[in-house]
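To start, the structure itself, in structure tokens.
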Amino acid sequence: MLEMQILRDQKERVLEGFRKRGLSPERLGLVDQAIKLDDDRKEVQTQLDSLLNERNTLSDEIGNLFKQGKGAEANQLKAKVQEIKDNADTLEKRLQMIKTDLDAILVTLPNVPHISVPEGKTPEDNLVYKQSTEKLPDLPQGSMPHWDLAEKYNLIDFKLGVSITGSGFPLYRGFGARLQRALINYFLEQAREAGYEEILPPILVNAETAYGTGQLPDKEAQMYYVERDDLYLIPTAEVPVTNMYRNQIIPEASLPVKLTGYTPCFRREAGSYGSDVKGINRVHQFDKVEIVQIGHPSTSYEALQGMIDHVAHLMDSLELPYRILRLCGGDMGFTSALTYDFEVWAAGQQKWLEVSSVSNFETYQSNRMKMRYRDDKGKIQLVHTLNGSALALPRILVALLENNQTEDGIKLPKVLVPYTGFEWIRVKE
RNA sequence: GGAGAGAUGCCAGAGUGGUUUAAUGGGACAGUCUCGAAAACUGUUGUGCGGGCAACUGCACCGAGGGUUCGAAUCCCUCUCUCUCCGCCA
């Protein structure tokens, strides 16, 4: 949620940013509505406070009068207090209504894009910031997309996934399952070496947590929901991990807080169809290692760069061709100020697939979560939150299988061998 | 799932309707003393929303939300969580 202060002091920048996101003129008008409501809120608050002050003073007097045995005078004052209370009740109700209206507006306002975010409406308009290589792999005759390779080597059983759960819940087995486990370990180990503390969080969260990182109310339809216990299955480790510091004041010296966590992720992906969901291109349950930073506002963009370098290093080490996109205003997530997407080349499908998204949320999440630090002047300030996938597994698996297929089998990158214990996938296990 | 007890500040812990401005102890920080440190002594020690150029000041907050009352940490209701015992269980 945007800070009221930013809306007031940097209104032009906010409006310009919203235009970049392609918000309708009606929604741009919400900014002025919010400021107007906040003015009202202040005024009513001031009136209410002074009424309550009067009430408190008179109540003290009543107490004293009773002590002195002047019951009659005390009872006279009671009537007066009653009148004040009636007025205060009216103001209190008005204040609540104003706050509700203001909140309703604020939750519909997205984050303000960073100055470097490109103009644009669709994924076509994203800026290719860097591409690892111009040379995309040539595949031999008879090469296959990953769903055929997965069947050939018995790595993933889609039919069993369907019969056990439903479509979009693949069952990995044999070398497929072992490769998943190896990738998780490799990614966690790399993050740990880069200074991230490993977290194994709950994968069901309550509404307050889902609200903190912005999944609620904006993306409610994206999450699985357990009605009986009023809990949500997480769509990413970002949700529980970032919320570790909700409502906390973090000592400035311990910034940046660097956290990593592996979790399964659950996404309903309602409305997806076609070749996008073929194989494991898009599934309802997948595994991901996430990196999260809670940083000082003055260095958060350096931290973002560090996270991009970390992900790029992972991709390089896996010897996979990739490109980094700077997302345009229209394609960027609701809560983000600047997002870089990593896409891997899947040679079997001749397609770029998103494998990581690295974002700086500035104070958008921390304002909701009341996540703060105390600066050297003793003043309390909101932190910046950042996160990125490092990495999401299914599409990495897609690229590993498709790009590395040979007539002799699938050859894995060297760096994974210590984690898998095998270099080739040649036969069904 | 059943029965009972509880939730107070950074921590421990008192407080059962009106100087509560939340006692007391510990911790942390600052000052005095010291070459320096320890000890001792003195002081400070929350958050949010307002007002004020500022010194300062108003309101709210004792798990959360309601209620009773002129007045609530304190009384009542609902919820959440923790602990103890029983049941179940990897």
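So you know, we letter chains A, B, ... as the sequences are listed, proteins then strands, and number each from 1.
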Rounding to an integer number of Å, can you tell me how far [X] [atom1] sits from [N] [atom2]?
X	N	atom1	atom2	answer
A:K99	B:C59	NZ	P	16 Å
A:I84	B:G58	CD1	P	17 Å
A:Q381	B:U47	CD	P	12 Å
A:R246	B:A64	CZ	P	15 Å
A:M4	B:G50	CE	C1'	15 Å
A:N367	B:G48	CG	P	12 Å
A:L77	B:G71	CG	P	13 Å
A:L91	B:C49	CG	P	20 Å

At under 4.0 Å, does any side-chain N or O of [X] touch on OP1 or OP2 of [N]?
X	N	answer
A:N56	B:A60	yes
A:R55	B:A60	yes
A:R374	B:U47	yes
A:N64	B:G18	no
A:K85	B:G71	yes
A:N53	B:G58	no

Worksheet item: Hey, which of these two, A:D38 or A:L58, hits RNA chain B nearer its 5' end, going by closest nucleotide?
Response: A:D38
Response to the item:
Assign each of A:I249 and A:K42 the nucleotide of RNA chain B bearing its closest heavy atom; nearer the 5' end lies the nucleotide of A:I249
Worksheet item: Heavy atoms under 4.0 Å, any strand shown: does A:I380 hit a base, just sugar-phosphate, or nothing?
Response: sugar-phosphate
[M] and [N], which share atom name [atom1], separated by this distance in whole Å:
N	M	atom1	value
B:A38	B:G52	P	45 Å
B:U21	B:G58	C1'	15 Å
B:G66	B:G51	C1'	30 Å
B:C76	B:A72	P	16 Å
B:G6	B:C75	P	11 Å
B:A7	B:U74	C1'	15 Å
B:A22	B:U45	C1'	15 Å
B:A12	B:G31	P	29 Å

Discussion item. If we check ring-ring contact (aromatic ring centres under 6.0 Å, His included) with A:H114, which of these qualifies: A:Y301, A:Y340, A:F361?
Written reply: A:Y301
Discussion item. Checking A:Y262 against A:F187 for the ring-ring contact (aromatic ring centres under 6.0 Å, His included) test, could you report, in this order, the C-alpha distance in whole Å, the side-chain angles of both residues, the deciding distance, and whether it holds?
Written reply: CA-CA 9 Å; A:Y262 153 73; A:F187 293 151; over 10 Å; no
Fill in: Check: A:S300/A:N360 side-chain N/O donor and acceptor closer than 3.5 Å
yes
Discussion item. Could you check whether A:N185 and A:E189, counting side-chain N and O atoms only, form a donor-acceptor pair closer than 3.5 Å?
Written reply: no
[X] side, atom [atom1]; [Y] side, atom [atom2] - distance, nearest 0.5 Å:
X	Y	atom1	atom2	value
A:N403	A:H146	CG	NE2	12.0 Å
A:E252	A:R374	CD	CZ	10.5 Å
A:I250	A:Q381	CD1	CD	13.0 Å

Worksheet entry | side-chain hydrogen bond (donor to acceptor under 3.5 Å, both in side chains) assessment of A:T236 paired with A:K288 | CA-CA 8 Å; A:T236 160; A:K288 181 160 64 65; 2.8 Å; yes
Shortest side-chain distance from [X], nucleotide among [options]:
X	options	result
A:L52	B:C59, B:G50, B:C70	B:C59
A:I62	B:A60, B:C49, B:G18	B:G18
A:R372	B:G58, B:G48, B:G50	B:G48

Item to complete: Kindly confirm or rule out a cation-pi arrangement of A:R178 over A:F422, judged by NZ or CZ under 6.0 Å from the six-membered ring centre and within 45° of its axis?
Response: no
Worksheet entry | Dot-bracket encoding of pairs in RNA chain B, which uses [ ] for pseudoknotted crossings and | for another strand, Watson-Crick or G-U under 3.5 angstrom | ((((((((.[[[..)..(.....]]]((((((.......))))))((((((....)))))).[[[[[..)....]]]]])))))))....
